[in-house]
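Lettering follows sequence order; numbering is per chain, from 1. Reckoned from all heavy atoms, side chains included, excluding hydrogens, waters and symmetry mates. Values in this document were obtained by computation on a predicted structure and should not be read as measured data.
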Protein chains: 2
Amino acid sequence: MSELKPPSFVSAQMVADRAGVSRSAVSRTFTEGASVSEATRRKVMEAANALGYHVNHLARGLRERSNIVCLVVADMTTPIRARMVDILTRKLQASGKITMVINTETDTESVSAALRQTLNYRADATVVLSGTPPASLIETCIANGQQVVLINRDERLQGSSNLGVDNAMAGREALYLLRRAGCQRLGLITSNAGTASLVEREEVFVQAARDAGLNVTVTQAGPTSYQSGQEAARRVFGRSASPDGVFCVTDLLALGFMDVARQEFGLKVPDDLCVIGFDDIEQASWSSYQLTTFRQPLDPMADEVVDLLLQPERAVSERRLIEPIPIWRRSVRPASA
Amino acid sequence: MSELKPPSFVSAQMVADRAGVSRSAVSRTFTEGASVSEATRRKVMEAANALGYHVNHLARGLRERSNIVCLVVADMTTPIRARMVDILTRKLQASGKITMVINTETDTESVSAALRQTLNYRADATVVLSGTPPASLIETCIANGQQVVLINRDERLQGSSNLGVDNAMAGREALYLLRRAGCQRLGLITSNAGTASLVEREEVFVQAARDAGLNVTVTQAGPTSYQSGQEAARRVFGRSASPDGVFCVTDLLALGFMDVARQEFGLKVPDDLCVIGFDDIEQASWSSYQLTTFRQPLDPMADEVVDLLLQPERAVSERRLIEPIPIWRRSVRPASA
DNA sequence: AAGGTAACTGCACACATGTGCAATACTTTA
DNA sequence: TAAAGTATTGCACATGTGTGCAGTTACCTT
C-alpha cells in the first residue's frame, strides 16, 4: 500500500570503507571471540562510532538463531497478565533475547494469525500466555525447529512444553480454609471464559466439597473481571440461601464480589462472609480488600520458561506444575466461631 | 555462548523445487499485486501448504521496511502503562506492524541500551513511553531514517515527534473543582519520580492556587504507587493543619491516600476530604473508590501514534497536546456546603 | 639468518527475499 | 495468418551478515 522508502541504515561495508579494512574485520570486531588485532579493532570502532553503526540483527538472523521470542497474549490489561508480560520480557532480555508481543483475542482464528507471525519473523521460540492455538499450527512451529511453551493452558499439545500452576491444590486448599472458618453454605464464582485453568479450579473445589458432604452453588458470570464479580454478587445475594463462604476463581472476580457484598448488601467480611481469590494481584493486598488468595509464583515460572528456552533438550512434553503460594489475609476467619 | 543450531525453516527455494517453478514465482505468489498466472499460483500454494512455508520477514526486511516498531517502556505493571501497551500493540498490529517490547528501567543507561536494540533490529520506528533517552541516540535513530515518537515525555528532542496530554489543564481544573467544593486547606501529593509530566501537574496546580491566594502543602512520597499514596497520607494526617482537599498527580497515589485517610484516620470522603487523581485507571471506577480524575484518552493517543508512523511527513517536531477528559465521580463534593 | 608458528586478514560463499530486465508464451487484431 | 500487443516467467542482482579457507604478516626459536 505504502511505497515508503526503507530507512537508510549504515552497513558494515561503510564502516569498513571508512576504516580502510575489509568488511570481515568489521564483522569480527563485533563478534565475541573472533580474531582481530587491537589496532584494527580500534580503527573499526572509531569508524563505527563516527557513522553510528549498529549490527543488523535481521541479517544476522538469516544465518543463525534470530534471538526473537514471540509472546502471544490476550487480556493484557489484566493485572496478572501485565505482571507476567513484565517479568517475562525482563528475564528474556536479560538472557539476550528480544520479545515480540502479539496481542490476540482468545479466539482460535486470532491466535492462529499470531502463530503465523511468529513463523514469519523466524522467532526461536513462542510463548503462549492466553488462547488456545490449534494443534496443526503448533506442529508447524515445532517442525520448523521452533520451541513452543504453553503457560497455564493445559491442553496437552504434542511436542510443546507445558507449564502451569497447580490449580487442583488451590481448589482443595480453598475448601479447607472455608470449612475451617466454619462456613456452612459454600459458593463458587467463576467466569464464562472457560479456560482450562479456571475450570479445573472450579471442578476440584466442587468435587472436594461433595466428598465432604457439602453442596456448592456455582455462579458463572461474564468475562473474568471486576464487573463480573459485582454482577455475580448481585445474583447470589438477591435470593434466599446465600452463601457465607465463596471461592472466586480469580482475584478480580473476588474484589468485585466483595465490594457489592459489603456495600449493597451490608455484609461484613470476614464475619458474615469469607472470600478467597486466586492470582494475588496487587490490588488484593490493598487495605480495602486484604484478600486471602493463592499467589501465582510468576518469578519462578518465568525462570522456568527462560531455562526451557536456553536448554531445549529439557523441554520434555510432560507438564511442569508449580505450586501456588497461599497468601493469608483478612478476608477469611482464622477458625470457626 | 551457546552453539545452538538455528531452527530449520522452509525457504522459498524448497517450495519452488516442489512446485516445479522458479523461486521468483514463489516470491510473486506471496507479493500483493505481482504478476503470476492462476495455474502457477495454485501449484505454489499447494506446495507451500504441504511444506508449511512462511515468508521470512527478516530477509524481506533487508530490502525494505522491516515493519517492526519498538516500544520502550518501564513500569509495565502500572495499570495505565499496561493499558497503553495493550492499545498500542493492538493498533500497530492492525496496521500491519509488529511490536517489539523493550522493558527498561527509567535510568538513562537502560534506555540507551533499549535504543540500541531498536537500531539493531532495524525497527522502522521507536515509541518511547517511559524514561528519558539521551539526545545523541535519538539523533542516531533519526539519522538512520527511523521515526521516534515520545509519549508524555516533554523534553523537546530535536527531530522526534512528541505527544502528550495537557497536564496544565488538569492542574487548573483540579484546583477549580476543589475550590468549588469549598476546600480550604489544599494539598498536593506527588511521587519522587520527577517525570516532566508529574512535575508539570504539580507546578501548575500550585501556581494556580497561589494566584488565587491559597497555599498548598506539597508532599512528595516514594515511587508512583499505591504504597506511596498510603505513606503520604500518614505523613499528611499525622500532624496539624491537615488538608481537606488534595490533588494526587496519579490515580495510584490517590487510591492509597484515600484508603489510609478513611481507614486509619476515620475521614469521610468526600465529606471531610476531597480527592482528585489523574489517569483514570480501571480501579478508580471501582465502587470502593469512585475517584474523580482525569482520563488519559489512550485510544486517540494511540491512533495519533499510528497516524504519525504511517504518514512520516506529518511528524512535525512541534508537540501534539491532547486534552485529558475530566471524569466526575464521588470523591469530590459537587459544591461547597 | 633460516625456519617454524601463531596471529591476523581478505575472499567468497551462504542465508532468504523482492524486483528490473529480458525472454518467452499467450491473446487479440488486422 | 502474421503482426502486434499483453501476460507470465526466469535470471541475476542487491540487501547485510558470519565464517571456512587460504594467504599474509609478525614474531619467536634455534
Side-chain angles (χ1 to χ4, degrees), chain A residues 1-17 19-44 48 51-68 119-124 144-145, chain B residues 1-17 19-44 48 51-68 119-124 144-145:
Chain A
M1 72 196 99
S2 67
E3 65 295 340
L4 291 173
K5 277 289 178 58
S8 59
F9 284 93
V10 13
S11 72
Q13 186 61 62
M14 303 186 202
V15 178
D17 291 347
V21 298
S22 82
R23 195 184 54 72
S24 307
V26 178
S27 177
R28 289 195 236 272
T29 298
F30 289 96
T31 306
E32 188 85 17
S35 165
V36 207
S37 77
E38 199 47 51
T40 39
R41 154 167 274 127
R42 218 185 36 247
K43 279 192 293 184
V44 168
L51 296 176
Y53 172 69
H54 293 260
V55 179
N56 186 336
H57 282 30
L58 300 187
R60 172 186 280 175
L62 283 187
R63 314 188 66 252
E64 22 202 288
R65 329 194 93 237
S66 63
N67 282 328
I68 297 175
L119 291 167
N120 281 333
Y121 279 98
R122 291 331 190 226
D124 296 337
N144 286 343
Chain B
M1 71 192 100
S2 67
E3 66 294 340
L4 291 174
K5 278 291 178 55
S8 57
F9 285 91
V10 14
S11 71
Q13 185 62 62
M14 303 186 202
V15 177
D17 291 348
V21 299
S22 83
R23 195 186 53 72
S24 306
V26 178
S27 178
R28 289 194 237 268
T29 299
F30 289 96
T31 305
E32 188 87 15
S35 164
V36 207
S37 76
E38 199 45 52
T40 39
R41 153 168 275 128
R42 218 184 38 244
K43 280 192 293 183
V44 167
L51 295 175
Y53 171 71
H54 293 259
V55 179
N56 186 336
H57 281 32
L58 300 186
R60 173 185 281 175
L62 284 186
R63 313 188 67 254
E64 19 201 293
R65 332 194 91 234
S66 64
N67 281 329
I68 296 174
L119 292 167
N120 281 333
Y121 280 97
R122 288 341 188 219
D124 295 339
N144 286 343

Trainee: Please identify each residue that fulfils side-chain contact (heavy atoms from CB on, under 4.5 Å) with A:L62, with sequence neighbours left out.
Mentor: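 By the side-chain contact (heavy atoms from CB on, under 4.5 Å) rule, A:L62 matches B:N56, B:A59, B:L62.
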Trainee: Say you draw a straight line from CG of A:N120 to CG of B:N67; how long is it, rounded to the nearest 0.5 Å?
Mentor: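 One gets 11.0 Å once the value is rounded to the nearest 0.5 Å.
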Trainee: Look at all strands and tell whether B:F30 reaches a base, only sugar-phosphate, or nothing, counting heavy atoms closer than 4.0 Å.
Mentor: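 Touches nothing.
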Trainee: So, using side-chain contact (heavy atoms from CB on, under 4.5 Å) as the criterion, who are the partners of A:S24 when residues are at least two apart?
Mentor: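 Expected list: A:S22, A:R28.
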Trainee: Identify, with sequence neighbours excluded, every residue that meets side chain to side chain donor-acceptor pair (under 3.5 Å) alongside A:T31.
Mentor: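 Counting only residues at least two positions away or on another chain, A:T31 forms no side chain to side chain donor-acceptor pair (under 3.5 Å).
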Trainee: Set out, line by line, the N/O atom pairs under 3.5 Å between protein and nucleotides 11-15 of chain C.
Mentor:
residue : atom : partner : partner atom : Å
C:dC11  : N4   : A:S24   : OG           : 3.0

Trainee: So do B:V44 and B:Y53 actually touch side chain to side chain, heavy atoms under 4.5 Å?
Mentor: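 They are not in side-chain contact.
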Trainee: If I compare all heavy atoms of A:S66 with all of B:L58, which pair ends up nearest, and what's the gap?
Mentor: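 Taking every non-hydrogen atom into account, CB-CD1, 4.0 Å.
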Trainee: Of all nucleotides in DNA chain D that come within under 4.0 Å of a heavy atom of chain B, which is furthest toward the 5' end and which toward the 3' end?
Mentor: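 Reading along DNA chain D, I get D:dT8 to D:dT17.
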Trainee: Mapping A:M14 and A:T31 onto DNA chain D by nearest heavy atom, which one lands closer to the 5' end?
Mentor: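 It is A:M14 whose nearest nucleotide is closer to the 5' end.
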Trainee: Which residues pass the ring-ring contact (aromatic ring centres under 6.0 Å, His included) test with B:H57, sequence neighbours left out?
Mentor: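 Result, ring-ring contact (aromatic ring centres under 6.0 Å, His included) vs B:H57: A:Y121.
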Trainee: Shorter than 3.5 Å, N or O on both sides, protein versus nucleotides 4-8 of chain C: list them out with atom names.
Mentor:
none

Trainee: Should A:K43 and A:T40 count as side-chain neighbours, where that means a heavy-atom distance under 4.5 Å?
Mentor: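 Yes - at least one pair of side-chain heavy atoms lies under 4.5 Å apart.
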Trainee: So if I take the C1' atoms of five pairs at each end of the helix from C:dA1-D:dT30 to C:dA30-D:dT1 and get each local axis, what angle do the two axes make, rounded to 10 degrees?
Mentor: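 Taking the rotation axis at each end, their angle is 40°.
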Trainee: Where is the tightest heavy-atom contact between B:H54 and A:R122, given as atom of each residue plus distance?
Mentor: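 Residues B:H54 and A:R122, closest heavy atoms: O-NH1, 2.8 Å.
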Trainee: Listing time: all N or O pairs from protein to nucleotides 26-28 of chain C that are below 3.5 Å?
Mentor:
none

Trainee: As an exercise, state the distance from OG of A:S11 to CG of A:D17, rounded to the nearest 0.5 Å.
Mentor: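 If I round to the nearest 0.5 Å, the distance is 8.0 Å.
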